[in-house]
Amino acid sequence: MTLHRQDGWRSAVMLLALFGPGSAASWTAAATSAAAPAADLIVTNAKVSTVDPARPECEAVAVIGERIVATGSRAEIDAWRGPATRVIDAGGRRVVPGFNDAHVHFVVGGMDLDNVDLKDAPTREEFVKRIAAQVAKTPKGEWVQGGNWDETMWSPATLPDRTLIDKVTGDTPVFLARYDGHMALANSAAIRLAGVTARTPDPPGGAIVHDASGAPNGLFKDAALSAIYKVIPPYTREQRMRAARRALQHAARLGVTSVQDMNPEYADMAVYAELLERGELTTRIYNAPPLAGWEDQAKLGIRRSFGSPWLRLGGLKGYADGSLGSTTAYFFQPFSDTPGNRGLLSDEMQPLSRMRERMVRADAAGLQLCIHAIGDQGISMILDLFADVVKANGVRDRRCRIEHAQHMAPKDFERFAAQHVIASMQPYHAIDDGRWAEKRIGPVRIKTTYAFRTFLDRGVRLAFGTDWSVAPLDPMQGLYAAVTRATLDGKNPDGWVPEQKISLKEALEAYTLGSAYAEFQEKEKGSITPGKLADLVILSDDIFAIDPKTIKNVTVRVTIAGGRVVYETGT
Ligand SMILES: [Zn+2]
C-alpha cells in the first residue's frame with residue numbers, strides 16, 4: 001500500500017481510522033486503491049494503555065506508514081491484516097505510548113556514555129581511581145570531562161578539591177561536573193590553562209571557591225564554570241555525531257521516542273539535521289537553545305515548535321537560578337544548613353529588566369519560553385515575568401514552562417495554574433534529592449518540594465522528563481519515582497513526602513501526553529490514537545499489575561517510532 005505517500009493521505013487515514021477498512025467511507029477515501037488498504041504493521045495480543053480517554057484500553061493497534069490507523073480488539077484489528085503486513089505478537093504484554101522526555105541534554109548525554117562515570121562512586125578512593133583510569137585512556141592534549149560526581153555518597157560527605165585528583169591527572173586537564181551541573185571540579189592543569197588565579201574575581205551569578213591560602217581550590221559554581229569552559233576546545237562535528245548516535249541508540253533501547261533538548265549548541269542542531277537527512281533519527285527532537293540567543297531564531301521567523309515531526313525548534317531555555325545540591329537555587333529564606341545563604345540568581349536575571357525585555361521580545365516573536373527555576377523565589381520571580389509577558393503581548397496559547405519547578409512557595413500554586421504555566425519536572429530528582437533535601441531546606445519547605453500531587457490537584461499540567469544526563473534517561477525510573485517517592489538510599493520505602501505521590505496512570509500521562517502538550521504536539525503524539533504518529537513501546541512486564549516497587553526493573557522489549565521498529569530485545 002502506498003496510500004500514505006499520496007497527497008492528502010493523512011485525511012484518508014483519518015477517515016479509515018473512523019470507519020474501519022470495510023466501511024463505505026474507507027472505500028471512498030481509498031478510491032485510488034483496488035482494495036481496502038492493509039496495515040504495514042500490526043501490534044496485537046497486547047494490553048494497550050492508550051492514554052486516550054476516548055478508548056483507554058485496547059488489545060491491538062494498526063499502523064500505516066508513520067501513523068496509527070486503528071485501535072481495537074484483536075478481531076477488529078485483524079481486519080487490517082494484508083499479505084505484506086508485519087504482525088508483532090506482544091504476547092499479552094503491556095503496550096504504552098512512546099515516552100517523551102521533556103528535558104534532556106542529548107549530545108552531552110551521548111558524550112557521557114563514553115565519559116568517566118562518577119555518579120555512583122561510593123567513596124573518595126573509588127572516585128580518584130575512576131578518574132585515573134579515564135586519564136590513562138584519554139589521548140594527550142584532550143580534556144577529561146563529564147563525571148556527574150556526587151559527594152553526598154561519601155563519608156564524610158565533603159566536597160572534593162583539586163589536591164585530591166592532581167596526583168593522578170598530571171598534565172591532562174580535567175573538569176568534572178557535579179551531577180547537578182551547577183558545580184564542577186578542575187585540576188591544577190585546567191586552572192593553569194584557564195589562567196585563573198587567587199586574584200580572579202567571582203563573576204556575577206557564580207563563585208570560584210578558594211582554599212585556606214586563597215588559591216582556587218578547584219571548585220567552580222554556576223556562572224564561574226565558564227572561566228574553565230571557555231578554554232576547552234569545542235567538540236568537532238565527528239565527536240558530536242558519535243555522541244548523537246550513541247544517544248539515539250540509548251533512547252531507542254529505553255522506549256524514549258521523543259526528547260526535548262534543552263540548551264543544545266547550534267552545532268548539535270546541525271548534527272540532528274544531518275541525521276534527519278540520512279533517515280537516522282529514531283527519536284523525535286524538539287530544540288530549545290539558549291534564551292540569550294533568541295534573536296537568532298526570531299530573525300528567521302522561526303516560531304515555537306517549528307519544523308517536522310522528527311526535528312523541530314522554536315523553544316528557548318533560560319535560567320532563573322542554580323540548584324539545590326549546589327546551594328545555588330534561589331529561596332525566599334536562607335538554607336537551613338548554610339545560614340545567611342539564600343542561593344544565587346543566574347547572570348541572565350541580573351539586572352531583572354534585561355531578563356524581562358528578552359522574554360517579552362522572544363515571546364512577541366512567537367518563541368516558547370522554557371525557564372529553569374528551582375528555588376521558591378526563583379520560581380516566583382519567573383511567574384512574575386511570565387505575567388509581564390502576558391501584559392505586554394496579550395493573552396494567547398503560549399505554554400510558558402518552568403523547568404524543574406522543584407520548591408514551590410505554597411502561595412504560588414494558584415497563579416501557576418491561573419497563568420497556565422507548565423511544570424516540566426523530573427521525578428527521579430525527587431528520590432535522589434529526597435535523601436538530603438530536608439537537611440538543606442527544613443521540614444516545612446519539603447512539603448511543597450517536587451509537589452506532583454498539589455500541581456495536579458490545582459490543575460497545573462505536568463510534563464515529565466529526566467534532565468539526562470543529570471539523571472538516567474530510563475522512563476521506568478521516573479514512573480517508579482513519581483508513584484513511590486522511595487528515596488535511593490532505601491530510607492523512605494513508603495515514600496518521601498508521601499502525600500505528593502501520584503498514580504501510575506497520572507505519571508504515564510505526564511510522561512507522554514503531558515510532554516507532548518508542553519511542545520505543542522498533543523494532536524500529533526502522546527497517546528495511542530488513530531491519526532497520531534505511531535510511537536509505541538512494548539514493555540517486559542505489566543506496570544499496572546506489578547508491585548510499584550518493581551517498576552524500576554521493567555525493561556523495553558520493542559520500541560516503535562513512526563511505525564518503524566527502532567529497537568527490539570536482542571538487537
Ligand atoms: Zn537541564
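All ligand and atom numbering here is 1-based and tracks the order in the structure. Remember, predicted model here, so these are calculated numbers, not experimental data.
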Q | Shortest non-hydrogen separation from Leu254 to Phe99 and the atoms involved | A | O-CD1, 4.5 Å
Verify, without hydrogens or angle tests, whether [X] (side chain) and [Y] (backbone) share a donor-acceptor contact under 3.5 angstrom.
| X | Y | value |
| --- | --- | --- |
| Arg485 | Val497 | yes |
| Gln368 | Arg304 | no |
| Arg240 | Val271 | no |

Q | Heteroatoms of the protein, restricted to N/O/S, which lie under 2.8 Å from the Zn ion (ligand 1) | A | His103 NE2, His105 NE2, Asp467 OD1
Q.
Does anything in residues 230-259 form a ring-ring contact (aromatic ring centres under 6.0 Å, His included)? List the pairs, not counting sequence neighbours.
A. His250-Trp468
Q | Row check, Phe331 ring normal vs Arg445 NZ/CZ: under 6.0 Å, within 45° | A | yes
